[in-house]
Amino acid sequence: MSKARITNQIRRLRFDASEMTQKDLAEAVGVTRQTIMAIENAKYFPSLELAFQIAQVFQKPLDQVFQFEQDLT
């Protein structure tokens, strides 16, 4: 069976956005800093709505913030 993994570029995008903090991003999308930390560390996967909101904060398409990787072995 194949295994899928969702990765993200949030940490890099925060750094590129004048070193935005996790708290700043959390406030912009209406979640806690802990939620942003869990998403960055792939411990929690956001809803589709939250994923789009995060991408919107960075003014990036969704696929530049989140990537879907599938191991076919």
Side-chain angles (χ1 to χ4, degrees):
M1 177 178 269
S2 65
K3 184 176 181 181
R5 196 173 90 143
I6 297 173
T7 60
N8 69 74
Q9 302 300 314
I10 295 173
R11 184 168 292 153
R12 182 185 56 78
L13 291 167
R14 283 193 305 103
F15 181 80
D16 292 347
S18 301
E19 298 187 25
M20 175 188 288
T21 66
Q22 289 176 336
K23 182 180 177 189
D24 292 337
L25 178 57
E27 289 174 354
V29 297
V31 298
T32 65
R33 182 195 60 78
Q34 290 84 355
T35 299
I36 298 300
M37 183 175 61
I39 293 169
E40 282 186 4
N41 294 320
K43 302 291 184 195
Y44 172 76
F45 300 112
S47 67
L48 191 54
E49 179 180 5
L50 179 55
F52 274 107
Q53 289 173 332
I54 291 169
Q56 186 174 23
V57 166
F58 296 117
Q59 299 178 345
K60 300 285 185 189
L62 190 62
D63 65 346
Q64 287 184 15
V65 180
F66 295 94
Q67 297 76 42
F68 178 75
E69 300 174 1
Q70 190 169 8
D71 181 7
L72 299 175
T73 59

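Given the structure is predicted, the values throughout are model-derived calculations rather than measurements.
- Considering only heavy atoms from C-beta on, Leu13 stays 4.5 Å or farther from Val57 through its side chain.
- Both Phe68 and Leu62 belong to a common hydrophobic cluster when Ile, Leu, Val, Met, Phe, Trp and Tyr are linked at side-chain heavy-atom distances under 4.5 angstrom.
- Around the CD atom of Gln64, the shell of radius 6.0 Å holds more than 12 heavy atoms that belong to other residues, nucleotides or ligands.
- Once rounded to the nearest 0.5 Å, the distance linking CD1 of Ile54 with CD of Glu49 reads 11.0 Å.
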Audit row: Arg14, Glu40, side chain to side chain contact (heavy atoms under 4.5 Å, CB included) steps and yes/no: CA-CA 11 Å; Arg14 283 193 305 103; Glu40 282 186 4; 2.5 Å; yes

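- Once rounded to the nearest 0.5 Å, the distance linking CD1 of Ile36 with CG of Leu50 reads 6.0 Å.
- A 4.5 Å side-chain heavy-atom check between Gln67 and Gln9 finds at least one atom pair inside the cut-off.
- The same ILVMFWY cluster, assembled from side-chain heavy atoms under 4.5 Å apart, contains both Met20 and Val31.
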Derivation and outcome, side chain to side chain contact (heavy atoms under 4.5 Å, CB included), residues Val65 and Gln56: CA-CA 10 Å; Val65 180; Gln56 186 174 23; over 6 Å; no

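- Formation of a donor-acceptor pair under 3.5 Å by the Gln59 side chain with backbone atoms of Ala55 is not found in this model.
- Put simply, CG on Leu48 and CD on Gln53 are 10.5 Å apart, with the number rounded to the nearest 0.5 Å.
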Candidate pair Thr35 and Val29, rule side chain to side chain contact (heavy atoms under 4.5 Å, CB included), full reasoning: CA-CA 11 Å; Thr35 299; Val29 297; over 6 Å; no

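- Separating the OG1 atom in Thr7 from the CZ atom in Phe45 is a distance of 9.0 Å, to the nearest 0.5 Å.
- Phe66 is listed as a side-chain neighbour of Ile10, based on a closest heavy-atom distance under 4.5 Å.
- Side-chain contact between Phe58 and Asp16 is absent, with no heavy-atom pair separated by less than 4.5 Å.
- Distance check: Arg33 CZ to Gln22 CD gives 5.5 Å after rounding to the nearest 0.5 Å.
- For the pair Ile6 and Ala42, the tightest heavy-atom approach, listed with the atom from each and the gap, is O-CB, 4.3 Å.
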